[in-house]
Each structure stands twice: as C-alpha cells, then as structure tokens.
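Notes follow the structure.
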Amino acid sequence: MRVILFGATGMVGQGVLRECLLDPEVESVLAIGRSATGQQHAKLREIVHKDLFDYSAIEQQLSGYDACFFCLGASSVGMSEPDYERITYGITLAAAQTLARLNPEMTFIYVSGASTDSTEKGRTMWARVKGKTENALFQLPFKAQYMFRPGYIQPLHGVRSKTKVYDFLYTVLGPLYPVFKLLMPKYVTTTVNIGRAMIKAARQGAPKRFLENRDINALSEDRG
C-alpha cells in the first residue's frame, strides 16, 4: 500500500507516520507539508510544499497512491469563522479534489474531531466547519472516505504536540491514561491506535464512515 500523509509534523501525523513506517504492508509514504519531518527512512519521501491551496506544481508526483491520511489541522482558538474555514475546509478540499482526480481508487481518511456537526447548523463554530468539510469530502469520487472523530488522544513513543500548552497537558495527564482508558473507554485513544486503525481502514475498509474513539480502538486491535 502506498500512502500520502498530510500533517506529518503534528501530533496525530507523527503517530500515523510512525505506524506506517513500522507496518510491513505499507510500501511507501509520501509526506507533504510546509516543513520537513526531519526523519530519515527507506520508505519515507517528503515534499516540502508551501502553498497548500495549489498542487499544480507537484501534481505529477501525486499519482499511483492507494490512500491519503489527512492529519493536518489547526486550533480554532482565537480565529474567526472565515479564517478557520479557509484553513480547515479550504486546505483539505484543495488537496482532496486534486487527489480524487489523480487517484480515483484512493481511500481518503480525514482526522476531524469528536462532536463534529454534520448538520453545519450548530452553535459551535469549529464543529460546523469540520462538518462542512466532512460533507464535502463525501461528495468526491474516491473509492472510500472515512472520517476519524477522536476525542482525547494520548501521544505515545515520543510523539509530541507542537502546541506548548497541549504538550504540557499531555505530559501531565500521560500517567493517568490507563485510568482514563478504564473509566472512559469511549472517550480516549492513542496515536498508535489512530495510525493502526487508519492503515486497517485503508487496506480492508471500516464498519462505518464515521469512527469515534471506541471505533478507532476496536479497528486498531482487529488484526484480521
């Protein structure tokens, strides 16, 4: 399986990249982003691409892939709805529309979030925008689309958040993750589980189009 990965320098993307590089059924990974990961691996190739709204300059390098794991995202804190929509909806659809045209047999997996609003009419701004993005992705002619809607994500194996406040919280809360998992299994997952579940969904499909933490965890543990 050949994979394109967006957001490989972010927390979720770091975890997904790790699992892709470890999985023997992932033949190669093309990481696309504004900055390089700094990693070296025989299966990894990177394209540093500054304009994430326009892929015309690199289109010839984007064909022949089986899956796209879109882990790129931004916090809505302090942002207006138009600005947040431009990043969340605009960047995602620019990439997805290009890939759907070049790879119609591709499976596209998008990292959304718990409580995303598919109606696009709710009170929470980020949830509306994420819902609009999900809905637009389902209109594209991919082989399959899956929306991952994680809640709390515990980073593992040295994965770090680029946001200092979040990184501090994850460090503090990390030792409590086994307790959270025991008491609230529906609401917690890990970067490992997200990566493994993405690979499984791309390779063999998933039981539903929207996957929340419980679904992500179940899929990651299913080795079939």
Side-chain angles (χ1 to χ4, degrees), residues 1-10 12-34 37 41 43-49 51-73 87-113 116 118 130-150 193-211 215-216 219-220 222 224:
M1 182 167 66
R2 303 184 72 213
V3 172
I4 293 179
L5 173 61
F6 285 84
T9 61
V12 174
Q14 289 173 52
V16 172
L17 176 58
R18 178 183 183 273
E19 297 309 311
C20 286
L21 297 180
L22 288 173
D23 194 304
E25 295 194 36
V26 176
E27 174 188 341
S28 64
V29 181
L30 174 62
I32 301 174
R34 291 193 176 111
T37 66
H41 194 282
K43 294 201 294 189
L44 175 63
R45 187 166 73 89
E46 301 194 53
I47 298 177
V48 175
H49 186 66
D51 186 357
L52 298 182
F53 293 95
D54 183 0
Y55 295 90
S56 57
I58 62 170
E59 272 195 13
Q60 71 277 11
Q61 302 180 62
L62 305 181
S63 297
Y65 286 86
D66 305 295
C68 175
F69 300 154
F70 201 92
C71 305
L72 185 65
I87 294 172
T88 300
Y89 179 90
I91 288 178
T92 306
L93 267 293
Q97 288 167 347
T98 300
L99 293 177
R101 175 166 49 82
L102 298 173
N103 303 279
E105 291 300 307
M106 171 179 276
T107 295
F108 192 97
I109 299 179
Y110 175 62
V111 178
S112 187
T116 290
S118 296
K130 287 279 192 179
K132 179 178 180 178
T133 306
E134 289 182 346
N135 292 339
L137 289 172
F138 280 126
Q139 300 304 310
L140 297 177
F142 287 111
K143 175 185 176 182
Q145 298 99 316
Y146 298 106
M147 307 298 140
F148 276 42
R149 293 179 167 184
N193 286 358
I194 290 176
R196 289 178 178 174
M198 282 191 177
I199 294 168
K200 180 67 180 299
R203 189 172 61 229
Q204 297 184 23
K208 55 180 72 173
R209 299 196 305 172
F210 301 100
L211 294 97
D215 309 306
I216 292 167
L219 191 60
S220 73
D222 182 356

>> Show, in sequence, the C-alpha distance, side-chain angles and deciding distance for Glu134 and Ser118, and conclude whether the side-chain contact (heavy atoms from CB on, under 4.5 Å) test is met.
In response: CA-CA 7 Å; Glu134 289 182 346; Ser118 296; 3.9 Å; yes
> Which atom names give the shortest non-hydrogen contact between Thr116 and Ser112, and what distance separates them?
Replying inline: OG1-OG, 2.9 Å
> Taking all atoms of both residues into account, what is the closest heavy-atom pair of Ala96 and Phe142, and its distance?
Replying inline: O-CZ, 3.3 Å
> Is the backbone N or O of Ala8 less than 3.5 Å from a side-chain atom of Gln14, with the two atoms forming a donor-acceptor pair by type?
Replying inline: no
> Mind checking whether Ile194 and Val16 have side chains closer than 4.5 Å, heavy atoms only?
Replying inline: yes
> Roughly how far apart are Phe108 CZ and Met147 CE, rounded to 0.5 Å?
Replying inline: 7.5 Å
> Counting distance only, does the side-chain N/O of Arg2 pair as donor-acceptor with the main-chain N or O of Gly64 below 3.5 Å?
Replying inline: yes
> Are Thr88 and Lys132 close enough that some pair of their side-chain heavy atoms sits under 4.5 Å apart?
Replying inline: no
> Nearest heavy-atom pair of Leu219 and Ala197: which atoms, and what distance?
Replying inline: CD2-O, 3.4 Å
> Glu46 side chain to Thr37 main-chain N or O, any donor-acceptor pair under 3.5 Å?
Replying inline: yes
> With side chains defined as the heavy atoms from C-beta onward, is the minimum distance between Leu44 and Leu17 less than 4.5 Å?
Replying inline: yes
> Is a donor on one side and an acceptor on the other found under 3.5 Å between the side chain of Tyr146 and the backbone of Ala201?
Replying inline: no
>> Please find the pair of heavy atoms, one from Ser56 and one from Gln60, that lie closest to each other, and give the distance.
In response: O-OE1, 4.3 Å
> Side chains of Arg203 and Asp23: closer than 4.5 Å at any heavy-atom pair?
Replying inline: yes
> Side-chain contact, heavy-atom cut-off 4.5 Å: Leu93 with Thr133?
Replying inline: yes
> What distance separates Asp54 CG from His49 NE2, expressed to the nearest 0.5 Å?
Replying inline: 6.0 Å
>> Determine whether Phe6 and Leu99 satisfy the following criterion, side-chain contact (heavy atoms from CB on, under 4.5 Å), listing intermediate values before the conclusion.
In response: CA-CA 12 Å; Phe6 285 84; Leu99 293 177; 4.1 Å; yes
> Does atom NZ of Lys43 have more than 12 heavy-atom neighbours, drawn from other residues, nucleotides or ligands, at distances under 6.0 Å?
Replying inline: yes
> Are the side chain of Asn103 and the backbone of Tyr65 linked by a donor-acceptor contact shorter than 3.5 Å?
Replying inline: yes
> Between Phe138 and Phe210, what is the ring plane arrangement, given parallel below 30°, perpendicular above 60°, and tilted in between?
Replying inline: perpendicular
>> As an exercise, state the distance from SG of Cys68 to CG of Leu30, rounded to the nearest 0.5 Å.
In response: 9.5 Å
> So how far is it from Phe69 CZ to Ile109 CD1, rounded to the nearest 0.5 Å?
Replying inline: 4.5 Å
> Shortest non-hydrogen contact from Leu211 to Lys208?
Replying inline: CD1-O, 3.4 Å
>> For Ala94 versus Leu52, what's the shortest heavy-atom pair and its separation?
In response: CB-O, 3.8 Å
>> Within this structure, what is the CG-CE distance for the pair Leu140 and Met106, rounded to the nearest 0.5 Å?
In response: 12.0 Å
> If you round to the nearest 0.5 Å, how far is CE of Met198 from CD of Glu19?
Replying inline: 11.5 Å
